[in-house]
Amino acid sequence: MSDHHNETFLSKYIFSLDHKMIAKQFLITGMFMGVVGMLMSILFRLQLSNPGESFAVLEWFLGEKWAPGGVLDPNMYLALVTMHGTILIFWVLTAGLTGTFANFLIPLQIGARDMASGFINMLSYWFFFAATVVLLTSLFVETGPAAAGWTIYPPLSALPQAIPGSGLGQDLWLIAMTLFIVSSLLGGLNYIVTILNLRTKGMSMTRLPLVMWALFIVAILGVLSFPVLLSASLLLVFDRTFGTSFYLSDIVIAGEALHHTGGSPILFEHLFWFLGHPEVYIILLPALGIVSEVISVNSRKPIFGYKAMVISLMAIAFLSFIVWGHHMFITGMDPFLGSVFTFTTLLIAIPSAVKVFNYLATLWRGSIRFTPAMLFAIGFVSTFITGGLTGIVLGDSALDINVHDTYFVVGHFHIVMGLSAIYGMFAGVYHWFPKMYGKMMNKKLGYIHFWVTFISAYGVFFPMHFLGLAGLPRRYYSNTAFPMFEGLTNINEIITFFAIVGGIVQVLFIFNFFYSIFYGTKASKNPWGSTTLEWTTPIERIHGNWPGEIPTVKRWAYDYSKPGYDIDFVPQTESLKEGEEEH
Amino acid sequence: MTNVFIVVISFLLVVTLVQLVRVGQLLGDIRKKDFNIVTESDNKRQSFLMLIVGLTFLTSCVWQYFAWNPLLLPSASSEHGVIIDELMRFTMILIISVFFLLHLFLFYFLHKYKKSSDKHKAYYYTHNNKLEFIWTIVPAIILTGVILYGLNVWDRITNADTSEASVIEVYGKQFGWSARYPGEDQKLGSYDYKLVGGANALGIDIDDENSLDDKVTRELHLVEGKPVLLKLRSQDIIHSAFMPHFRVQMNCVPGMTTQFTFTPTKTTKEMKMLEGDDFEYVLLCNKICGVAHYNMQMKVVVETQEEYDAWLLKQNTLSEKLLTQK
Amino acid sequence: MDLNLKNTTYKQLLWIGMASITLFFAGLTSAVIVRSSESGWQDISMPKYFWYSTLVIILGSIFLIISKKTVKSGKNPADYIFLSFVCGVTFAIFQFKGWSSLVEQGKFFVGEGSSPASSFLYVITFAHLIHVIGGLISIFVTYTKSVNLKYSKENYLGIELTSIYWHFLDILWIYLFAFLLYII
Ligand code: HEM
Ligand SMILES: [Cu+2]
Ligand SMILES: [Cu+2]
C-alpha cells in the first residue's frame with residue numbers, strides 16, 4: 001500500500017486524502033486560530049484592567065479607527081470579545097481539537113487503513129478552511145466584525161442600527177458559521193461510519209480505547225445538534241436580509257418603528273442553546289477521552305472502571321440535549337420549565353463526578369510518570385473539578401438569578417470548558433507528537449510550558465468568580481461607570497497580568513512544536529510504552545498505515561502492569577495466555 | 001525605534017532558545033540516551049513541584065477569599081434575597097469542601113505514587129463495582145438534596161404572592177432606563193410601540209384613560225417592606241434589569257412583558273450607614289446591548305412610605321408632561 | 001474496500017446524514033410549535049397544489065422501488081428511473097404553483113400580508129425543496145449511469161442510495177405537510 005512515491009506536493013500536503021495529513025491540517029489551522037483568539041483576549045484585557053488608558057499595541061493592531069490614540073473603542077471591544085469567543089469555541093476547540101484527533105487517531109486506533117471516505121474527509125477540511133478565511137475577512141470590514149457576542153442573540157445581531165458589527169460583519173459571521181457547520185457534519189458522518197464499520201478483526205466496541213468512544217459520541221452529538229443551529233441561523237438570515245419576523249417584534253430603534261411584529265427573540269435562544277449546550281460537550285468529550293488515555297498510559301495502570309467511563313460518557317451526552325434551558329432561567333420562561341431544567345442540569349453532575357473519582361482511582365497505586373502530556377492531563381482533572389463544581393451554582397435556577405451573565409459565568413466556563421479542553425488538546429499533542437512527526441517534543445520546554453500555563457490560567461480565571469460575586473456583568477467595556485465596582489480594579493490588574501504571562505508562554509509551545517518537527521530528536525516506535533494499535537505502525541508516514549496486514553486485536557486497550565508479564569504493558573495485538581482473564 | 005528594539009530582542013530570545021535546546025540534545029547524544037525520555041529524577045522533581053504548586057494554589061484560594069470578601073455584594077436587601085443567600089452559602093460550603101477534598105487527594109496521589117525507581121510497579125486494578133456504585137449513589141443523594149432545596153427556593157421566588165404588590169413598569173432602551181408608576185388609579189395605561197416618539201418615549205396610549213395619571217420617572221423608588229411587581233419591557237433589543245443588591249434579575253424582551261416580584265427590606269439610608277456614604281442601589285443592564293451597555297443604569301432608592309409618597313407627588317403625570325410639551 | 005463493506009458504509013453515511021437533516025427540520029418545526037403557542041397566530045389553509053405534490057412525490061418513490069426490483073432481476077431500470085425523475089420535477093413545479101396560489105390568497109413571505117405562520121410555511125417548504133433538488137441531481141446521475149449500463153444484478157448501490165434518500169424526502173414531506181396542515 002505504500003504508494004506515496006508518486007505523490008505531488010499538491011496531493012501530499014494540500015489536497016491530501018490521507019487522514020494523518022488532514023489531521024495535521026486541522027491542527028495547524030486550529031493553532032493559528034488559537035493564537036489569533038488569544039491575542040484578542042489580551043487586547044481587550046488591557047482595556048479591562050486599565051480602562052480608558054492608551055496602549056501603543058492597541059493602535060498598532062487595530063489601527064486609528066478602532067483604537068484612536070491607543071484607547072480601545074467600545075464597539076471594537078464587543079467585536080473582539082465576540083470574535084474571541086467564536087474562534088476559541090468553534091475554530092480551536094471544536095474543529096481544532098476534534099478535527100485533529102478524530103482524524104489522526106480513529107483509523108490508527110481501530111486498525112483501519114483510512115477513513116471510510118477520504119474524499120469527504122478532505123472536503124471537511126476545505127470547508128473549514130473556507131470558513132476560516134471568511135471569518136478572518138470579517139475582521140477587515142469597515143463596520144467591524146460581528147459584535148453581538150458569540151451567542152448572536154437577535155435583535156442585537158439582526159439590526160445594524162443597534163450595533164455596527166451587526167452589518168456586514170454579522171453576515172460574514174453567519175456565512176463562516178454555515179461553512180463551519182457543513183465541515184463538522186461531513187467530518188462527523190465520517191467518524192461515526194468509520195468507527196462502526198472499519199474496526200479491525202477482534203476490535204469489538206468494548207475493546208475500543210476510551211478516546212475512540214469519546215470521539216464517537218462527540219460525532220453523534222455534532223451530527224444531531226449542529227443542524228438545529230443551522231435552522232436557527234437560517235431564520236436569522238431571513239430576518240436580517242428579507243425582513244421576515246421570526247425573531248423580531250415591536251421594535252423602535254434609531255427613532256424608527258420597524259415593521260416587524262409577531263416574532264420572538266426567545267425562540268432563537270431556544271434553538272441556539274439546543275445546539276449551544278451539546279456544543280459545550282462537543283468541546284469537552286474529546287478532551288475527556290484523550291485524558292483517559294494519557295492518564296492510564298502514564299500511571300502504568302488500567303483506566304479504572306472502563307465500563308463506568310463509557311456509560312458516563314453516554315449519560316453526559318444524552319443529558320446534554322435536555323438541559324439547554326439553564327441558559328434561559330431569567331428570560332421569563334415558565335417557572336415550572338425552569339425547575340425541570342434545574343433538575344436535568346444538576347443530574348449531569350453525577351456522571352461527571354464518576355469520571356473524576358475514576359481518574360483518581362486510576363492514579364491510586366499507580367506508577368506515575370510525569371511526561372508533559374501527563375502534566376496537562378492532571379491539569380485537566382483539576383480544572384474539571386473546579387469548573388464542574390461552580391456549575392452546581394449556575395445550574396440552580398434560584399442561584400442563577402444573581403450570577404447569570406456575570407463574571408462568575410465567565411470564570412466557570414473558561415475553567416470547565418476552555419482550560420479543560422485546551423489542556424486536553426495540549427496533552428494530546430505532547431502525547432501523539434512522536435506518532436505524528438516521528439520526533440520527540442522537547443521535554444524541558446514542555447515542563448516550563450505546563451507550569452507557567454497552569455499557574456497563570458488559574459490566576460486569570462479563578463479571581464473572575466469574585467468579580468462575578470461582586471455583581472460585575474460580563475461583556476462590559478469597563479467597570480468605571482459604577483461606583484460599586486471601583487474596588488475591583490485591583491483584581492482586574494491581577495487577571496491581566498496573568499493573561500499576558502500565560503499568553504507569552506504559549507510562544508514556547510509553538511516554538512517547541514515547530515522546532516521539534518524539524519530538529520527534534522528521533523522518536524522510537526512506541527516511546528511511551530503504550531498498548532494501543534497506533535504504536536504498532538512504522539514511524540514513517542505511509543498511506544494505509546500498516547505496511548502489511550492490519551494487526552488483529554486480542555485484548556482490551558488497558559493491560560498495563562498486568563500480573564504475569566515481565567514488561568509493564570501488553571499490546572492489544574498480544575494473544576491472551578492460556579487461562580488468562582481479559583480483565 | 002522601540003519597534004526595532006522589540007524585533008531585535010525577540011530575535012535574540014529565539015536564538016537563545018534554539019541554542020539551549022540544541023545543547024540539551026547534544027548532551028543527550030553524548031550520554032547515548034534520549035534527553036526527552038522522562039527519568040526517575042524528573043518524576044521526583046515534577047511530583048514535588050505538583051505538591052508545592054498545588055498547595056500554593058489552594059492556599060491562594062483561601063487568600064483570595066479573605067482578601068476579596070469585602071468587595072463582594074453585601075447581604076441581600078430583599079426578602080427572597082435572604083433565602084437565596086442562604087442557599088448560596090449552603091451550596092458554597094458544599095462545593096468548596098469537595099473542591100479542597102478532591103484536590104488534596106489529587107496532589108497527594110500524584111506525590112505518593114510517582115514512579116520513583118525502576119522497581120516501582122503499579123497495581124493492576126481494573127474496576128470495583130461496589131466502590132463505583134457507592135460513588136455514583138452518594139453524589140446522587142447529595143444532589144437530590146441540593147435540587148430539592150434549590151427548587152423549593154425557586155418556587156417561593158417565582159410563585160410569590162402578587163396580590164398586595166404595587167405594580168411598576170421598568171422600561172429599557174439603548175442606553176437607559178425609565179420607570180412608570182400607575183398613579184392614583186393604580187392602573188398602568190396601555191401602550192403600542194408605534195406610538196413611541198417625542199415626549200412619549202414609552203409609547204403609551206394617551207387615549208386610554210388609565211394612562212393620564214401615569215408617572216414616568218428616571219429613578220426607581222421603592223418602599224421598604226412593601227412588595228413590588230416589576231413589569232419589564234424593552235424598546236429595541238434584549239436588555240436585562242439586574243439589581244444585584246436585591247438578588248433580582250429579569251430580561252427585558254421587545255415584543256413581550258416579563259415580570260419579577262420582590263420586597264425590599266433595607267432603605268438606602270440604612271445601607272449608607274452599613275456600607276458607607278456613597279452607597280446607592282442601582283439597576284444595571286446585564287444583557288449585551290451595544291456600545292454603551294457598560295453604562296446603562298438607573299438609580300434605585302428604597303425609602304419609607306412617607307418619603308416615597310412625597311417623592312411621587314413631585315413627579316409629573318403623563319397628562320401634565322404631554323400638555324406642557326404641546 | 002470490498003463491495004459488501006462499501007455497501008454498508010455508504011448506506012450508513014446516508015442514514016446518519018438523513019438523521020442530521022431530520023434534526024434540521026425538527027428545529028424548524030419545533031420553532032413553529034413554540035411560536036404558535038403564543039398569541040397572534042393565524043392559521044392558513046393549504047393550497048390544493050400541495051396535495052398534488054404529495055401524490056407525485058410518492059409516485060416517484062414507487063417508480064424507484066420498481067427500478068430497484070428491475071435491476072435486481074437483471075434488467076435495465078433506466079426507464080423507471082426516468083419516470084421518477086419526471087415525478088420529482090413535477091413535484092418542484094407543484095411547489096412553485098402552491099406558492100403562487102398562496103401569494104394569490106395574499107399570504108406573503110415577507111412584508112405586508114405576511115404573518116409568522118406564512119413566513120414559516122415558505123421557509124419550511126423552501127428548505128424541503130432544496131433537499132429535493134439534491135435528490136433530483138442524484139436521480140439524474142443514477143439515470144445516466146443506468147443508461148450507460150453501469151449497474152448490474154450484483155452492483156446497484158447507486159440506485160439503492162438514491163431511492164433511500166428519495167423515500168426519506170417523501171416521508172419528510174408527508175410529515176411536514178401533515179404538520180403544516182394541522183399547525184399552520
Ligand atoms: C488567555 C486566555 C483567555 C483569556 C485571558 C480570556 C479572557 C476572556 C474574557 C475576559 C472574556 C469576557 C469578556 C466579557 O464578557 O466582557 C472572555 C470571553 C469568552 N471567552 Fe475567553 N479568554 C481566554 C481563553 C479562552 C478559551 C480557551 C476559550 C475557549 C472556550 C474562551 C472562550 C470564551 C468565550 C466563549 C467567551 C464569551 C464570548 C462572548 O461573550 O460572546 N476563552 N474571555
Ligand atoms: Cu449549557
Ligand atoms: Cu442594555
Side-chain angles (χ1 to χ4, degrees), chain A residues 74-75 149 155-156 162-163 249-253 257 265 300-302 305 308 330-332 335 339 346 349-350 353-354 357 360 363 365-371 385 389 392-393 396-399 401-402 405 440 442-443 466 469-471 473 475-478 481 483 487 521 561-563 583, chain B residues 17 21 25 34 36 38 42-43 46 57 68 71-73 84 87-88 91 95 98-99 102 105 109 113-115 120-124 126-127 132 135-136 139-140 143 147 150-151 153-154 157-158 193-194 196 235-238 244 247 249-251 253-255 258 278 286 288 290-291 294-295:
Chain A
N75 275 316
L156 185 59
I163 191 167
S249 186
D250 301 11
I251 293 169
V252 180
I253 196 152
R300 313 309 292 158
K301 248 189 103 199
I330 55 153
T331 53
S339 309
L346 294 189
I350 300 171
V354 169
F357 295 142
L360 289 178
L363 294 173
R365 295 187 66 182
S367 177
I368 301 169
R369 189 175 59 192
F370 289 83
T371 62
I385 294 172
L389 286 169
I392 295 181
V393 174
D396 204 329
S397 49
L399 294 178
I401 295 174
N402 220 50
D405 261 357
M440 301 294 280
N442 187 287
K443 176 183 75 181
F466 292 91
L469 293 175
R475 294 166 174 170
Y476 263 27
Y477 166 67
S478 111
T521 52
S561 306
K562 194 163 194 184
H583 58 87
Chain B
L17 257 177
V21 174
Q25 284 180 359
D34 187 354
N36 289 310
V38 176
D42 281 329
N43 289 336
Q46 295 302 318
F57 165 59
W68 295 334
L71 299 174
L72 305 191
L73 290 170
I84 289 187
L87 175 62
M88 187 65 144
T91 314
I95 66 176
V98 177
F99 168 77
L102 290 179
F105 270 114
F109 284 177
Y113 301 113
K114 62 184 173 285
K115 187 178 180 72
H120 192 259
K121 267 227 148 199
Y123 169 51
Y124 186 84
T126 58
H127 63 285
E132 289 173 76
W135 66 47
T136 311
L143 279 167
I147 292 173
L151 290 187
V153 172
W154 172 246
I157 295 168
T158 51
Y193 82 103
K194 293 220 162 82
V196 170
Q235 180 176 92
D236 34 36
I237 54 188
I238 305 179
R247 317 295 188 248
Q249 181 171 200
M250 184 50 74
N251 287 171
V253 186
T258 50
D278 46 2
N286 195 15
I288 179 173
V291 62
Y294 71 101
N295 189 13

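Here is how names work: the chains are called A, B, and so on, in the same order as the sequence lines, proteins then strands, and each is numbered from 1.
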side-chain contact (heavy atoms from CB on, under 4.5 Å) between B:Leu102 and A:Phe357, intermediate numbers included: CA-CA 9 Å; B:Leu102 290 179; A:Phe357 295 142; 3.7 Å; yes
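- In terms of heavy-atom proximity, A:Lys301 sits nearest to B:Ala122 at CG-CB, 3.6 Å.
- Contact annotation for B:Val98: both backbone and side-chain heavy atoms come within less than 4.5 Å of a heavy atom of chain A.
- At least one donor-acceptor pair closer than 3.5 Å links the side chain of B:Trp154 to the backbone N or O of A:Pro335.
- The CG atom of A:Leu360 sits 8.0 Å away from the CH2 atom of B:Trp135 when rounded to the nearest 0.5 Å.
- Here the CG-CD1 distance, from A:Leu389 to B:Ile95, works out to 5.5 Å after rounding to the nearest 0.5 Å.
- Across all non-hydrogen atoms, the minimal contact from A:Ala470 to B:Leu71 is CB-O, 3.5 Å.
- The two residues A:Pro155 and B:Ile238 have their closest heavy-atom pair at CD-CG1, 3.9 Å.
- Nearest heavy atoms, A:Ser367 versus B:Lys115: OG-CG, 3.2 Å.
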Stepwise side-chain contact (heavy atoms from CB on, under 4.5 Å) test for B:Thr258 and A:Thr331: CA-CA 8 Å; B:Thr258 50; A:Thr331 53; over 6 Å; no
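- Contact count against chain A (heavy-atom pairs under 4.5 Å) is highest for B:Leu143 among B:Asp278, B:Thr136, B:Thr91, B:Leu143.
- For A:Leu363, the parts sitting under 4.5 Å from any heavy atom of chain B are the backbone and the side chain alike.
- Between chain A and the options B:Thr158, B:Leu73, B:Leu151, the largest number of non-hydrogen pairs under 4.5 Å is found for B:Leu73.
- In this structure, B:Trp68 CH2 and A:Leu469 CG are separated by 12.0 Å, a value rounded to the nearest 0.5 Å.
- Qualifying ring-ring contact (aromatic ring centres under 6.0 Å, His included) partners for B:Tyr193, counting only residues two or more places apart in sequence or in other chains: none.
- Note: A:Ile401 CD1 to B:Met250 CE = 7.5 Å, rounded to the nearest 0.5 Å.
- When each of A:Gly366, A:Ala353, A:Gly471, A:Ala257 is checked for heavy-atom pairs under 4.5 Å with chain B, A:Gly366 comes out on top.
- For a residue to count as touching a neighbouring chain, one of its non-hydrogen atoms must lie under 4.5 Å from one of that chain's; by this rule B:Phe57 touches chain A with the side chain only.
- Only the side chain of A:Asp396 has a heavy atom closer than 4.5 Å to any heavy atom of chain B.
- Taking OH of B:Tyr294 as the start and OG of A:Ser478 as the end, the distance is 6.0 Å to the nearest 0.5 Å.
- Looking at A:Val354 and B:Glu132, their side chains never come closer than 4.5 Å, going by heavy atoms from C-beta outward.
- With sequence neighbours excluded, no residue satisfies side chain to side chain donor-acceptor pair (under 3.5 Å) with B:Asn43.
- When B:His127, B:Lys194, B:Gln235, B:Met88 are compared by the number of non-hydrogen pairs under 4.5 Å with chain A, B:Gln235 comes out ahead.
- Of the atoms belonging to A:Ala349, heavy atoms from both backbone and side chain fall under 4.5 Å from chain B.
- Taking every heavy atom of both residues into account, B:Thr126 and A:Pro302 meet most closely at CG2-CG, 3.9 Å.
- For chain B, the option among A:Pro563, A:Ala308, A:Pro265, A:Ser397 with the highest count of heavy-atom pairs below 4.5 Å is A:Ser397.
- For B:Gln249 (side chain) and A:Asn402 (main-chain N/O), no donor-acceptor pair under 3.5 Å exists by modelled atom type.
- With a 4.5 Å cut-off on side-chain heavy atoms, B:Ile84 and A:Leu399 count as touching.
- Under the 4.5 Å side-chain criterion, counting only non-hydrogen atoms from C-beta, A:Pro74 is in contact with B:Val291.
- Between chain B and the residues A:Ile253, A:Ile163, A:Ile251, the largest count of heavy-atom pairs under 4.5 Å involves A:Ile251.
- The choice from A:Ile392, A:Val393, A:Thr371, A:Val252 that makes the most heavy-atom pairs within less than 4.5 Å of chain B is A:Val252.
- Comparing B:Val38, B:Asn295, B:Val196 by heavy-atom pairs within less than 4.5 Å of chain A, the highest count is held by B:Val38.
- Contacts of B:Ile147 with chain A are made by both backbone and side-chain atoms, with heavy-atom separations under 4.5 Å.
- If you take CG on A:Asp405 and CG on B:Asn286, they are separated by 5.0 Å, rounding to the nearest 0.5 Å.
- Contact record, A:Ala162 with B:Ile237: CB-CG2, 4.2 Å, taken as the closest heavy-atom pair.
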